[in-house]
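Values in this document were obtained by computation on a predicted structure and should not be read as measured data.
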Amino acid sequence: MSAPKVKTQNGDWSEVVDKLVAEKIASRIAAKDATIWGPDAESEASIRLGWVDLHETSRPLLAEIEALQADLRSEGLDRIVLSGMGGSSLAPEVITRTAGVELVVLDSTDPSVVGRALAGDLSKTVIVVSSKSGGTVETDSHRRTFAKAFTDAGIDAASRIVVVTDPGSPFEKLSADEGYRKTFLADPNIGGRYSALTAFGLVPSGLAGADIAELLDQAAEAAPELQADSPDNPALWLGAVLAASAGRDKAIITADGPGSNGIVGFPDWAEQLIAESTGKNGTGVLPVAVEVTAPELTSEAADLTNALLAEKATSGVPTALTSGSLGGQFLLWEVATAVAGYLLGINPFDQPDVESAKKAARGLLDAQPEPEPAAFTEGAVEVRGSEGLLDGVDSLQGAVDALLGKLDEKGYVAVMAYLDSERDADLVAVRPGLATKTGRPVTFGWGPRFLHSTGQYHKGGHPEGVFLQITGAHPQDVEIPDRPFTFGTLISAQAAGDAGVLAERGRPVLRLHLTDVANGVQQLLSVLR
């Protein structure tokens, strides 16, 4: 094991760290002091600090998870599917990819993604459905669909469904009523993005074969230093670089190069943690998860910092270089994010703007209106835009140029792809292409997954973004049992609802709908890359 370390470059945060030490911020977080973030945050913080000692409180879960895994394997059940959104899926994805074990992560409502998960060998499949309440529309839809698929295949559905939820939730009752295989109860005093070491992170990871006891051991090794009021506390330095670098409110994050200690996919988890925790009240830190060759990593822009799981800085901007084991890194970044919230003067435990897109999507599902007519169509791409964006525009290239023309010197581009992340993986190439073209940071999120992540920052953070939404046709849709809508209808409503909320808040939104996804992706690559 290796305890987490942070090395800073291209800046001096010693005064900030000294202030944090003097105010005993680290030990107060460890003691679950809800007053740290001010009176407005106290009520929420008082029920959101259970994550600080999970390396101790999650230990009783290990035997339960190990016993269930042994039972499942003895029955030949070794294909684990995880239905979860946001923090319920991102941490297990990092844990299992780093451990090199297979976990099918289902955090999409795209019919192609759902269909592929259903097409796996159901005779060997168990689905873990993770939801604090059970009312999350994505996970509820997945559960219904898999239950029917099991039944249709002559399999007892209840024996193949494992639930992770909060105690006393409607989902706990439903699980008992339906006789599901096992229900794991998580600590209700922990938000999803801080839940890596709770049942939400550990159950699917452990059932898939990851060494979750070692993960808790790594966090336990890191805890004393991260909770100490010491100028050597790495979490204080990381929090300072993220939130106390004057004028710098965008953090470029990568973790796939030398120095990443074998950790795979960490930036996506850190992106959710930071964006949802800090992006509110018109402020925050925009995390930008990038590949190791990203143009942002060599940018000298005045509003950037780098937070890297790497050995050395890649530019002259203020940089935090982090290292250490995965369990230690989880706790390091959680403490640092709580510190960043303190430095920014915001509550790092609420997410006031996430619900707006959900509400808009529910309204569209109920009303099911006809799609807004396209401004024009070019090839396989229907083009729509927020008010005024497409005035005088009659080409796809012109529409993209109109959107990018709204960027200012501190702006960013958000690409939001409501498509199949495996089938349409080529589309990721537009991210570095747009970053090179604009000289500005570009985020890329698969929808609806990002709604539980950067979606909070898009609406509540600095109003500097321009938004490129990409949706696609669904020639092979998937029904949702006992629901008046399909997965295709659901993802379309989620995309339209999110675009509508962004437009209502004055954000420029260009919406590109691919009537033929394969050809449309290639068309976009030729324009955007």
Query - T322, I274, V288 screened by side-chain contact (heavy atoms from CB on, under 4.5 Å) with I253, the one that passes - result: I274
Within a strict 4.5 Å, meaning less than it, do heavy atoms of the [X] and [Y] side chains meet?
X    : Y    : answer
P234 : K7   : no
W446 : L419 : yes
K32  : D53  : yes
H142 : V129 : no
F184 : S130 : no
L490 : L365 : yes
F146 : L106 : yes
L286 : E464 : no

Roughly how far, to the nearest 0.5 Å, is [atom2] of [Y] from [atom1] of [X]?
X    : Y    : atom1 : atom2 : value
T454 : K459 : OG1   : NZ    : 8.0 Å
K5   : L238 : NZ    : CG    : 15.0 Å
S2   : N261 : OG    : CG    : 4.5 Å
R143 : S131 : CZ    : OG    : 10.0 Å
L528 : I470 : CG    : CD1   : 6.5 Å
S323 : Q329 : OG    : CD    : 6.5 Å

**Report entry** Pair R440 + D303: basic N to acidic O under 4.0 Å
**Finding:**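 Yes, this pair counts.
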Report task. Determine, for R48 against D187, whether the closest basic-nitrogen to carboxylate-oxygen distance falls under 4.0 angstrom. Result ->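 Not counted as a salt bridge, because no side-chain N and carboxylate O are separated by less than 4.0 Å.
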Requested in this report: Kindly write out the residues that satisfy salt bridge (charged side-chain N to carboxylate O under 4.0 Å, His left out) with K132, not counting sequence neighbours, or none if the list is empty.
Outcome: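 K132: salt bridge (charged side-chain N to carboxylate O under 4.0 Å, His left out) contacts with D166.
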Report task. Name all residues meeting the salt bridge (charged side-chain N to carboxylate O under 4.0 Å, His left out) criterion together with K280; count only those two or more places apart in sequence or in a different chain, and write none if there are none. Result -> D350
Report task. Applying side chain to side chain contact (heavy atoms under 4.5 Å, CB included), run through L20 and L343 and close with a yes or a no. Result -> CA-CA 9 Å; L20 293 169; L343 292 171; 4.0 Å; yes
Show every donor-acceptor pair shorter than 3.5 Å between a side-chain atom in residues 425-432 and any protein atom, with sequence neighbours excluded, or say none if there are none.
unit_1: R431; atom_1: NE; unit_2: E291; atom_2: OE1; d: 3.3
unit_1: R431; atom_1: NH1; unit_2: E296; atom_2: OE1; d: 3.3
unit_1: R431; atom_1: NH1; unit_2: E296; atom_2: OE2; d: 2.6
unit_1: R431; atom_1: NH1; unit_2: V442; atom_2: O; d: 2.8
unit_1: R431; atom_1: NH2; unit_2: E291; atom_2: OE2; d: 2.9
unit_1: R431; atom_1: NH2; unit_2: E296; atom_2: OE1; d: 2.9

Query raised in the report: Can you name the one residue among E334, E271, E276 that meets salt bridge (charged side-chain N to carboxylate O under 4.0 Å, His left out) with R193?
Result: E276
Query raised in the report: Any idea which heavy atoms bring A240 and V16 closest together, and the distance?
Result: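 The pair with the smallest heavy-atom distance is CB-CG1, 3.9 Å.
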With [X], which residues qualify under side-chain contact (heavy atoms from CB on, under 4.5 Å), at least two apart?
X    : value
N281 : I346
P463 : R507
S205 : P92, I95, T96, A210, I212

Query raised in the report: Does CD in E102 sit with more than 12 non-hydrogen atoms of other residues, nucleotides or ligands closer than 6.0 Å?
Result: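 At most 12 heavy atoms, drawn from other residues, nucleotides or ligands, come within 6.0 Å of this atom.
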Report task. Report, as yes or no, whether the 6.0 Å neighbourhood of atom NZ on K410 holds more than 12 heavy atoms from other residues, nucleotides or ligands. Result -> yes
Report task. Could you walk me through whether D110 and F487 pass the side chain to side chain contact (heavy atoms under 4.5 Å, CB included) test, one step at a time? Result -> CA-CA 6 Å; D110 185 283; F487 276 103; over 6 Å; no
Query raised in the report: For the residue pair Y412 and F467, does the interplanar ring angle fall in the parallel (under 30°), tilted (30 to 60°) or perpendicular (over 60°) class?
Result: perpendicular
Query raised in the report: Stepwise, does the side chain to side chain contact (heavy atoms under 4.5 Å, CB included) test hold for W237 with V17?
Result: CA-CA 6 Å; W237 287 93; V17 171; 3.6 Å; yes
Requested in this report: Determine, using ring centers only, whether Y194 and F330 are less than 6.0 Å apart.
Outcome: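 Between Y194 and F330, which both carry aromatic rings, the centre distance is not below 6.0 Å.
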